[in-house]
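Heads up: numbering here begins at 1 and tracks the sequence.
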Amino acid sequence: MRDPVVVGINRTQDGSIAIMHGSSMKCCVQKERLTKRRHDWGKLGDVPLYRSHLPDLRQPVDLIVESYSSDKEYSNLDKYHDELREHLTFQGAPRIIQISHHLSHALSAFPTSPFEDAATMVIDSVGSPLSLCDDPDFVVPQGAAKHYEVASFYIGRASNLSCIHKQLWDGNRRNPVGLGQFYHLLTQRLFPGEGHEGTVMGLAPLGAAHTTGLPRLRVEGGDVFIPPEWIAVLTSEACDEAAVSFQHRANLAAAGQRVFEQALLAVTNWLQRETGAKNLCYAGGCALNCVANGVLLRDSQFDQIYIPPAPHDGGTAVGCAIFGLTQERKQLSRWRWTSDNLGPHQDTSQVSEVAAQHGDLHVSRPTDLVEIVASIVSDGNIVAVFQGGSEFGPRALGNRSILADPRYSVMTSWINQSIKGREWFRPVAPMVLESDATTIFDLTKPSPFMQFAASVRSPFRRQIPGGTHFDNSARLQTVSEDDNPFIHDLLKSFKSKTGVGVLLNTSFNAQGETIVETIEDAVRCFKDTTIHTLVVPPYLIQKSTPPISPIHLKSIHTPDTQISSPANSPNVVTLGQKHGE
């Protein structure tokens, strides 16, 4: 029997596509990686764009499953379907169906998890209108068809996924509800624009939450309500950097992060009591809050927690594809998400030709590549890695990464200022040998997708200051040989030279750019930044005039990007310092 080809498409924020051939996930990519526009939304014209980059989309397709949300794109449904029929080949008559937003999130989580049974929750800012919701076993309350989903809760079993509750919102922007809307408004209050949730998380440890006098969020079962005191703050004008002190903004971030964590924990424990489940699957935009995820991992009543590598809207394309396969096979289909390197194959054999276009780059193919790269990093230089398929989720996990030595606190400042062009207080995540993770970090299980924050254990804080945030936490990634052989070997070699099986890891992109997707993207970004070396296994690319190592400079001023430094912050960082110096 022929395996069906199913395509899942996310038509909302972080537009994306996933292609399954039977139970095999052939390719997934976010639209932003192709258009170079961050958080690019699904729009008309996406299908020819995807088809030009994804060879797997040129074969006959059995079924297409789309997911829309609360934006206006659903009104273009007929035009989207005309585009699909025009640019794709179907196996038989074209078959195109839609599922609601939270259902696509839930299907990206439970069926991709290692659990046979699990409670599943989806929490984001706003999902589909209830008139378009099709969650199994959910009955739309009378008079609520024009309301929207803001949180959804399910029980997943081997053969089905059943919705047990939704928090609803009437669409009144003067009365926002839910954890997703709360954090979105908090982010907009502090850093207007898209994609600044990580900035708020990075700022929060520098604040004092108690000084704001703001109350906890109100939690009733699985529903979260925003008190009037918070609504007054969140719906006022965004912070004016010139008029509002840094400390005021940090205090507000700290207060918001704290009440978010408290409410999320309360909701999660309600779900555990309601279902009696031992395992939790969690998706939606709020699942990217790795600090709060660390609280759940430590304090919730669930024994195990699974968050997919792409819990945000981009990941809903995977849920759509799994729904399609379920339709084809007449039973809930499973696909275990053990690796996130799902981007299209990249041909690196032409790396010399690409590098030659930039004139002053040297390409070599050393036999001891890992040892050379480990030496370059341990000498205090910044290295970028480009290999295999790109990561589908928002975290760079070693295939599109910038790496540095965690023993130097200045590395974080240098990356933030000189390469990323972002706020001085933003942390850079450590990647660690899985075998060393529990020794260095307060963590009890592997975290290969960088989804949880954990404390750096006291003896190691002075050893890896570059990977230790102001509150002694780290959003770490564990690496085993199965996860990423090249990065695993690099960590081992670096440890043999330095005694530390940890490297700093941030996404391979420059200020305002998306993560690099192609070898052309990688070489251009490398050429235009202060990255010392680009590694494209088995190739090594270096500049004729290498940039100076940060540790060989005398000082660096921390950047004032979008936000001012506090009066008592170290505006000048002395370089060349390792732990104890």
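At distances below 3.5 Å, not a single donor-acceptor pair connects side-chain atoms of D442 with backbone N or O atoms of R457. Put simply, the side chain of K31 never gets that close to the backbone of D46: no donor and acceptor are under 3.5 Å apart. A donor-acceptor contact shorter than 3.5 Å is absent between the side chain of N505 and the backbone of P430. A donor-acceptor pair is defined here as one N or O able to donate and one able to accept, closer than 3.5 Å; no such pair exists between the side chain of D313 and the backbone of T12. Using modelled atom types, one side-chain atom of T275 and one backbone atom of L271 make a donor-acceptor pair closer than 3.5 Å. Of the possible donor and acceptor atoms, none in the side chain of Q181 sits under 3.5 Å from a partner among the backbone N and O of G178. Under a 3.5 Å cut-off, the side chain of T478 and the backbone N or O of S447 do form a donor-acceptor pair. Judged by distance alone, with hydrogens and angles left aside, the side-chain atoms of R395 form no donor-acceptor pair with the main-chain N or O of P309 at under 3.5 Å. Judged by distance alone, with hydrogens and angles left aside, the side-chain atoms of D62 form no donor-acceptor pair with the main-chain N or O of Q91 at under 3.5 Å.
A donor atom on one side chain and an acceptor atom on the other are not found under 3.5 Å apart for N160 and S162. Residues T439 and D436 bring no donor and acceptor atom of their side chains to less than 3.5 Å of each other. No side-chain N or O of D3 forms a donor-acceptor pair with one of H21 less than 3.5 Å apart. Between the side chains of N289 and E197, no donor N or O sits under 3.5 Å from an acceptor N or O. N10 and S67 share no donor-acceptor pair across their side chains, judged by distance under 3.5 Å alone. In this structure, a donor-acceptor pair under 3.5 Å is absent between the side chains of E32 and T514. Using modelled atom types and a 3.5 Å distance limit, the side chains of R298 and S455 yield no donor-acceptor pair. At a cut-off of 3.5 Å, with distance as the only test, a side-chain donor of R426 or T199 sits close to an acceptor on the other residue. Donor-acceptor pairing under 3.5 Å is lacking for the side chains of D482 and H488. A donor-acceptor contact under 3.5 angstrom links the side chains of D471 and S473, judged on distance only.
Between H165 and F153, the ring planes lie parallel to each other; the angle is under 30°, not in the 30° to 60° tilted range. By the 30° and 60° cut-offs, the orientation of the rings of H196 relative to F191 is tilted. The aromatic rings of H101 and H105 sit perpendicular to each other, their planes meeting at more than 60°, with 30° as the lower class boundary.
Just one of E73, Q98, E66 meets the side chain to side chain donor-acceptor pair (under 3.5 Å) condition when paired with Y80; it is E73.
Within a 6.0 Å sphere centred on NZ of K420, other residues, nucleotides and ligands contribute more than 12 heavy atoms. In the displayed structure, K445 atom NZ is contacted under 6.0 Å by more than 12 heavy atoms of other residues, nucleotides or ligands. Residue K79 places its NZ atom among 12 or fewer non-hydrogen atoms of other residues, nucleotides or ligands, all under 6.0 Å distant.
Within the cation-pi definition used here (under 6.0 Å to the ring centroid, within 45° of the axis), R157 does not qualify as a partner of F115. Taking the ring centre of F386 as origin, the terminal cationic atom of R400 falls inside the region bounded by 6.0 Å and 45° from the ring axis.
Within the 4.5 Å cutoff, the side chain of Q387 has heavy atoms near those of the N484 side chain. Counting only heavy atoms from C-beta outward, the side chains of V177 and Q167 approach each other to under 4.5 Å. R422 is listed as a side-chain neighbour of T506, based on a closest heavy-atom distance under 4.5 Å. Counting heavy atoms from C-beta outward, L296 and F302 have side chains that stay 4.5 Å or more apart. Contact of the D340 side chain with the P308 side chain is not registered, since no non-hydrogen atoms from C-beta on lie closer than 4.5 Å. The shortest side-chain heavy-atom distance between E434 and V479 does not fall under the 4.5 Å cut-off. In this structure, F110 and L332 have side chains that are in contact, with non-hydrogen atoms separated by less than 4.5 Å. By the 4.5 Å heavy-atom criterion applied to side chains, Q327 and L325 are not counted as neighbours.
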